[in-house]
Protein chains: 2
Amino acid sequence: MVDETKPVERQVTIEDIAEAANVGIATVSRTLNHPEIVRQKTRDKILSVVQELGYIRSGAARALASKQTFTVGALIPTMNNAIFAASIAGFERELSKANYTLLITVTNYDRDQETIQLHKLLEHGVDAVLLIGLEHSKRSYTLLNKSNCCVVSIFGSRRSQKIPNIGFDNKKAAEKIVDHLVSLGHQRIGMIAGITRHNDRARDRKNGVIKALQKHNLAYHPSLFIESQYSHPHGREALKHLIHQNIKPTAIICGNDVLAMGVLFEADAQRIKVPGQLSVTGFDNLPITGHLKPALTTIDVPSEQMGAEAAKAIIANLSSEAKIKSRLLEAKLLIRNTTGPRR
Amino acid sequence: MVDETKPVERQVTIEDIAEAANVGIATVSRTLNHPEIVRQKTRDKILSVVQELGYIRSGAARALASKQTFTVGALIPTMNNAIFAASIAGFERELSKANYTLLITVTNYDRDQETIQLHKLLEHGVDAVLLIGLEHSKRSYTLLNKSNCCVVSIFGSRRSQKIPNIGFDNKKAAEKIVDHLVSLGHQRIGMIAGITRHNDRARDRKNGVIKALQKHNLAYHPSLFIESQYSHPHGREALKHLIHQNIKPTAIICGNDVLAMGVLFEADAQRIKVPGQLSVTGFDNLPITGHLKPALTTIDVPSEQMGAEAAKAIIANLSSEAKIKSRLLEAKLLIRNTTGPRR
DNA sequence: TTGAAAGCGCTAACAG
DNA sequence: CTGTTAGCGCTTTCAA
């Protein structure tokens, strides 16, 4: 008598395909991975069986046998910043073209968290890792090092040796902003920087501003420099704070566009004319900033490009050992309408 | 003579740990997966060896042996929409808490692409899949079905049977907007909807508007309804187009906030007073919309919450077979300042 | 061109 | 509580 119990839907395996196609499993494997070395007829037969049985290869088994997962991990500080979203979009697009899949983990700007997440990515066997910036915990570096997994960083300011970096010069970009402001006659320049602790990009931008101030023989007023989280409300609060200082800034440089927009909103609420009474600058060039009224003067950060280039470099490295070279891309100053002559 | 060639850095395996700790590999495995059933002393010894040797478990081997990868895949239309970013952020946060890792793939609103990506996720052995909306290709449904992988959808409007959905009623939300506009006296209402083809959310919103118009016995002017990609420039163009129609709308409902902002920017450029001459509404409640001047009347979509709830449901299902129930969350109308009495 | 067979590193019975 | 061992499904020599 036939066993009537419904069989557990066993996964279709390479053996099922081999059997149904009357070939060895090695031939099935070859057909799927190196079709060119299998005779056309055999291949067609196998492929049709694959189709018919709805065979889905086991990535785990493939990874175990071949030491490759075709996955790449990304460690990003937050998803709530369009600038990272743009980079990841470019990154994912290129990875996807080459049939890699992206594993994303969010660190919330927490280095311990980052190390933990990195460990997790490594356990998953990612073929490469994408990092933001060049400042990471020693433990992360150690992990990366002994796992000798392919790594790339984006957004960093230096042609780093430790980790190949595809970034741009945050510091120089910040200097350009100051140069521009100074050329407009501004002397009392304030800054709402991002939180610089454990964030090399924010720190480079801040240092760039300070350095440029010195270059122009302008005073650096610590009371005019504050650090703030990247959010509209924080930008608004920061402006309120700054305008209550003894020294009144005529221009405010913001660590990113979100802060700058917050400043713009608050200035509007306080009836402070921009750029009439106050010049404001951002950093990132988010899509919306060009539509604002007045349009925001900012730095055009090649975010999508960095992501895409990083992916291409990783793919090249993975498929041909091509060493990844650090590279700094262009970050242009976009002079729009939130900056004007000193009042 | 000693072999001086540098040995290939062989990966540290569970056997190395077992040997160094003088135990069997099973005990190492237990220590890592079910510490409570291992004697304290043995466990400590093993853990210290793990630390010392910098052991990283092989996810591939674990997955192959246990049929679980502790990864979850997400298929999203695009990364360039903050609303999805917010959902993914909530989703990732909850997954991460439960030690799952997120695999992201972008479909670009392309169903064939979606099926291909889904297939790839399945090959990677994801324990669950997150989908946006309820409209997917037949092939995707087939794939999901026979892989009997855990699935959840977010953003959809129905308590679906085929796929558990944690969403909100897009149609009803759209109706609320019309009700609001009608209560302000508007009769000639136009709409800039998203592209509705293969997008149930966009279509539900559009249909909701049309249905509500009928409910109020108002004419549905097809010439006042256009579909457009979600971008500021597209929103601007759409407004230009609408104001050149014979019938002039006194209110324009936008398929999302990005379109609405485009309309606001263009209205400003054309010196059309909002809401004086034209009322405008959005959909999503992006963080910036409350800061705009005038602040945008929109629908508060629980994007982050949907993502977080979806993750929790998946985790519960994976760890206890708890069936996932479809659920519709609240999406409130946020009346702000871009809507006013008909001129 | 193809097949047989040896692992890849781990989990989970099973036996002790 | 712990060790032994049989796979998990695939890739990749090695032979044929």
Side-chain angles (χ1 to χ4, degrees), chain A residues 8-47 49-50 53-71 99 120 122-127 147, chain B residues 8-47 49-50 53-71 99 120 122-127 147:
Chain A
V8 184
E9 276 281 14
R10 200 179 55 76
Q11 185 188 167
V12 176
T13 74
I14 197 172
E15 285 194 78
D16 299 323
I17 304 299
E19 191 177 344
N22 247 303
V23 296
I25 61 171
T27 304
V28 177
S29 176
R30 284 186 202 105
T31 300
L32 264 17
N33 300 312
H34 315 285
E36 63 286 357
I37 63 169
V38 175
R39 200 193 339 154
Q40 171 97 45
K41 200 170 166 203
T42 318
R43 202 200 306 167
D44 290 348
K45 172 67 180 164
I46 291 172
L47 256 18
V49 171
V50 163
L53 300 187
Y55 171 55
I56 292 179
R57 295 186 282 189
S58 160
R62 297 187 72 197
L64 186 56
S66 71
K67 311 267 179 210
Q68 272 192 69
T69 57
F70 276 90
T71 60
N99 260 300
K120 216 155 55 165
L122 260 16
E123 286 195 339
H124 281 298
V126 292
D127 297 335
S147 73
Chain B
V8 184
E9 276 280 13
R10 199 179 55 76
Q11 185 188 167
V12 176
T13 73
I14 197 171
E15 285 195 78
D16 299 323
I17 305 299
E19 190 176 347
N22 247 302
V23 296
I25 62 170
T27 304
V28 177
S29 176
R30 285 187 202 104
T31 301
L32 264 16
N33 299 312
H34 315 285
E36 64 286 356
I37 63 169
V38 176
R39 206 206 320 166
Q40 171 96 46
K41 201 171 166 201
T42 318
R43 203 199 308 166
D44 290 347
K45 173 65 180 166
I46 290 172
L47 255 17
V49 172
V50 163
L53 268 43
Y55 170 55
I56 292 180
R57 295 185 283 187
S58 160
R62 297 187 72 198
L64 187 57
S66 72
K67 312 268 178 206
Q68 272 192 71
T69 57
F70 276 88
T71 60
N99 259 299
K120 214 154 57 165
L122 261 15
E123 286 196 340
H124 281 299
V126 292
D127 296 335
S147 73

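Worth knowing before you read on, the calculation uses all heavy atoms, side chains too, and leaves out hydrogens, waters and symmetry mates. Within every chain, numbering begins at 1; the chains are lettered A, B, ... in the order of the sequence lines, protein sequences first and strands thereafter.
The CD1-P distance, from I46(A) to dT1(C), rounds to 13 Å in whole Å. Taking atom CD1 on I37(A) and atom C1' on dG3(C), their separation rounds to 13 Å, with Å as the unit.
Taken to the nearest 0.5 Å, the CD atom of E123(A) stands 8.5 Å off from the CG atom of N99(B). Atom CZ of R43(A) is separated from atom CZ of R39(A) by 11.0 Å, given to the nearest 0.5 angstrom. The CG atom of D16(B) sits 6.5 Å away from atom CG of L53(B), with the distance rounded to the nearest 0.5 Å. Atom CD of Q40(A) sits about 11.0 Å away from atom OG1 of T31(A), to the nearest 0.5 Å.
Terminal axes of the helix from dT1(C)-dA16(D) to dG16(C)-dC1(D) (five pairs each, C1' rotation axis) are separated by 30°, to the nearest 10°.
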### Message
Using a 4.0 Å heavy-atom cut-off to protein, can you give one letter per nucleotide of nucleotides 8-16 of chain D, 5' to 3': B if the base is in contact, S if only the sugar-phosphate is, - if neither?
### Response
BBBBBB---
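At least one donor-acceptor pair under 3.5 Å links the side chain of D127(B) to the backbone N or O of T69(B). The main-chain N or O of I25(B) is never found under 3.5 Å from a side-chain atom of S29(B) such that the two would form a donor-acceptor pair.
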### Task
Decide yes or no on side-chain contact (heavy atoms from CB on, under 4.5 Å) for S58(A) and T13(A), but give the supporting numbers first.
CA-CA 8 Å; S58(A) 160; T13(A) 74; over 6 Å; no
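Tested against R57(A) for a side chain to side chain contact (heavy atoms under 4.5 Å, CB included), the candidates I14(A), V50(A), N33(A), V28(A) yield a single pass: N33(A).
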